[in-house]
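Okay, structure first, notes after.
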Amino acid sequence: MMSNSNNSSDRPDELDANALFHKYDLDGDGVVSRKDMNESLQSIATQNRVSLSKDKIGAMTDAIFYSANGDRNNSSSTNSTLSFSDWNQLTKNALTRTESYIVSEKDETPKTALRQAINYIISYRQQIIWLSIFFAFQIVLFGIGIDRYNRELTTSPYPFDRLTMVALSFGLIIQVNVGILLLGPALRWTSGHLRRTFLARLLPFDSMVSFHIILACTTLFCGAMHVILFLTHFYYVSLDEATISRNLTLNVILTKSGILGSGYLGFAAISGWILIACFTIMAFFSIPPIRNSVFYDVFYWSHKLQFVIWAALIVHTSTFWKFLVFPLSVLFLEKLHKYWNAFRWQGTTRIIQVNLLPTNVTQLVIKRPKDFKYNPGDYVFLKVPCLGVLSWHPFTLSSCPEQSDVLWFHIKATGNWTRELREHFERQETPSVQMHPQVEEPHDELQMQPIVPTLRHIPNLNVRVLLDGPYGASTTALFDTEHAVLIGAGIGVTPFASVLGSVLAQYRDVTSGNSIRSDYRNTAMRINQRQLKLKKLDFFWISREQENVQWFIDLLEGWERQQSELPSNALFMDCQLYITSLPSKKDCKVAGLSLGMKAHLEVHKKDVITGLRTATKTGRPNWPSVFSRIDHTKQGAVRVFYCGPHNLERELRLLSGQHKFQFSWENF
Ligand SMILES: Cc1cc2nc3c(=O)[nH]c(=O)nc-3n(C[C@H](O)[C@H](O)[C@H](O)COP(=O)(O)OP(=O)(O)OC[C@H]3O[C@@H](n4cnc5c(N)ncnc54)[C@H](O)[C@@H]3O)c2cc1C
């Protein structure tokens, strides 16, 4: 059953209006005065680390009284107080008044284990299908190996030679898999282009890294079986004194006397030991605690052992080169493309400005090379030679293709290189400059952070930077979608900032009659044509700290301006900001704060936290409700694009499956 915005689920849980009223009536005189409210709001803000200046708290208090009294004249009276019945009315109505959600009262989450299993299969259907195909392929390869080596060994008088038949079949799988492993995440340019073709609907590009890991694990398993079976075989051979010396095992292991024959076979054992060493080192340094930590570089460089593996496999078996030729050729072309770009833009790419944004985010402004074409949401590998000649790091372009002169990157300091980048520019910082007209000074006794911290920028830079890219990411499919839902968590907002910027720029071009600069016309026109399909765009940004909104404040303000210019029936973009560190409005202890925020928005037409016209939502989104609302208001086929950490991915993917939405995920 559908309900409108006056849904009881929006009210604070177990709200006991009477008890709450007495909490706010600090002097116990039976009414909540302006002073009571002001002090209560200040103490809630301090306790919950909500960054609000004294003026803002004053404005919220005024707005609450204005809402209660119903007219501005009353609110200006310094004597105004709230009686219990005023308070009761406020908490009953005001906490739900500005919500425009249509939420489903019925919990649509699948209840039974069977329905949950079906939903799981639907949500992960593409991965399940490809995994099944992959394992079927491995079994077929194994069968081919058994058949082939069985025929070769039928003449052998020794029954234990059958072990080598199985070992060699595992070996065949290893040869093929090592070739396929090359076609994984390393082929960024190729996969970026394939994402723009019909193959995007068939192949699981978003799960490429997961498939790479599964393929690598299967290869390791086959490698282990290959080694165990061969060693067992050698052991049995060495027991057979009648046929061969007891020292055979040692001889074979050390390849002492070419027992396995001449040529490459003479090196089979020694190259086998090299392969075992390389695979073990690579596997060990690829485990998540190393790969996802500050030791990422160790993981990266240990993967270079792949060159040794190819060489050792060529020596180990006469057939491996056949499985290497095609993937290696594609990789070679990729590298050629990369170095051609680096050569083409050599010297033309410079960091010309840096903005040091709140919560350790550094915005790089880079001069855009003349022929640098990209699509919204694409990413690039950056190298800043003054921070290290070997370090390339991937970052999404947060600017949009319509910005003709510059490229933007928003970089969160999370590890060694990104921290070094921030510190490098902090050292070059001259006394701080206030960038934004809305910047306010902190001026309260509580010594809280300012709502809009001072933004620092370093102009007129000329720092050399190298670009490798652009490469297409999951957002490539966005303009082929009818109803797109963009969900960015934290710094995962960058691809969507680019998309929103592009949509805004195109809107401005159309309305102002500007022609797009010829250099960028092709890309932009392609987007324009495809965009016809896009009917609705819902944008969610989930952020921990309230200061993060400053990363893209200009973009969000631009979006709001555009919304205000459009007739209401032409609105096609909906924006929702969630600050998870702020207490949820369902927390009755902070009901006054929620009341104040909503009243402020109604009275001043501005959110008290961000200064935007969009209401900031506090706490975490109720995703089942959000997805139900989208389902009931959808305009065509829905596709959810999520960029953020893994823990939210599962919930969003399952909800997408439940509502039959397509789902794409990108993880930084
Ligand atoms: C396609 C893509 C787009 C990205 N876009 C952005 C963005 O717009 N803004 C942003 O702040 N971050 C982005 N990242 C993440 C960013 O690349 C890493 O935070 C950064 O490389 C960390 O480097 P570090 O030396 O500071 O951290 P480290 O201490 O070396 O490692 C921290 C973590 O970052 C990851 N990482 C480190 N180096 C690399 C690398 N070369 N390739 C892939 N992952 C790496 C690893 O998971 C590692 O565990 C993106 C990542 C990818 C894969």
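First listed ligand is number 1; within each ligand, the first listed atom is number 1.
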Contact check: F381 vs ligand 1, nitrogen or oxygen atoms, below 3.5 angstrom: no
Distance from atom 6 (C) of ligand 1 to nearest protein heavy atom, with residue and atom: F668 CE1, 3.4 Å
Contact atoms of ligand 1, heavy-atom distance to I411 under 4.0 Å: 11 (O)
R195 bridged to D378 by N-O distance under 4.0 Å: no
Atoms in ligand 1 with a heavy atom of W392 nearer than 4.0 Å: 41 (N)
T414 heavy atom under 4.0 Å from ligand 1: yes
Heavy-atom nearest neighbour in the protein, as seen from atom 49 (O) of ligand 1, with distance rounded to 0.1 Å: N292 C, 2.8 Å
Heavy-atom protein neighbour under 4.0 angstrom from atom 34 (O) of ligand 1: no
Close side-chain approach of R639 to F661, heavy-atom, < 4.5 Å: no
Heavy atom of the protein closest to atom 9 (N) of ligand 1 (residue, atom name, distance): H410 O, 2.9 Å
Heteroatom distance test (D297, ligand 1): nitrogen or oxygen, under 3.5 angstrom: no
Atom 27 (O) of ligand 1 - nearest protein heavy atom and its distance: G415 CA, 3.4 Å
Flag side-chain contact, heavy atom, 4.5 Å: L357 against H410: yes
N or O contact, T494 vs ligand 1, cut-off under 3.5 Å: yes
Atoms of ligand 1 close to T418 [distance to a heavy atom under 4.0 angstrom, numbered from 1]: 24 (P), 26 (O)
Ring-face cation contact, W551 with K412, 6.0 Å cut, 45° max: no
Residue pairs passing the side chain to side chain donor-acceptor pair (under 3.5 Å) test where at least one lies in residues 282-295, sequence neighbours excluded: none
Nearest-neighbour protein heavy atom for atom 50 (C) of ligand 1, which is reported as residue plus atom name and distance: P394 O, 3.2 Å
Heavy-atom nearest neighbour in the protein, as seen from atom 47 (O) of ligand 1, with distance rounded to 0.1 Å: R291 O, 3.7 Å
Residues D405, R368: salt bridge by 4.0 Å N-O rule: no
Y471 and ligand 1 - part of the residue with a heavy-atom distance under 4.0 Å: neither
R422 side chain to V361 backbone, donor-acceptor under 3.5 Å: yes
Y578 and W623 aromatic ring geometry - parallel, tilted or perpendicular at 30°/60° bounds: tilted
Option with minimal heavy-atom separation from atom 10 (C) of ligand 1, where the choices are Y379, F395, W417: F395
Closest protein heavy atom to atom 32 (C) of ligand 1, given as residue, atom name and distance to 0.1 Å: S293 O, 3.9 Å
Separation of R620 CZ from L648 CG (nearest 0.5 Å): 8.5 Å
Parallel, tilted or perpendicular: rings of H303 and H212 (30°, 60°): tilted
From F299, Y300, Y296 - option closest to atom 44 (N) of ligand 1 by heavy atom: Y296
Aromatic centroids of F372 and Y374 separated by under 6.0 Å: yes
Atoms in ligand 1 flagged as close to I491, the criterion being non-hydrogen separation under 4.0 Å: 9 (N), 10 (C), 11 (O)
Ligand 1 N/O within reach of R419 N/O, cut-off under 3.5 Å: no
Ligand 1 contacted by F409 (non-hydrogen, < 4.0 Å): no
For atom 11 (O) of ligand 1, closest protein heavy-atom neighbour: K412 N, 2.7 Å
Heavy-atom side-chain contact between F211 and L215 under 4.5 Å: no
Within-4.5 Å side-chain heavy-atom neighbours: W541 and L486: no
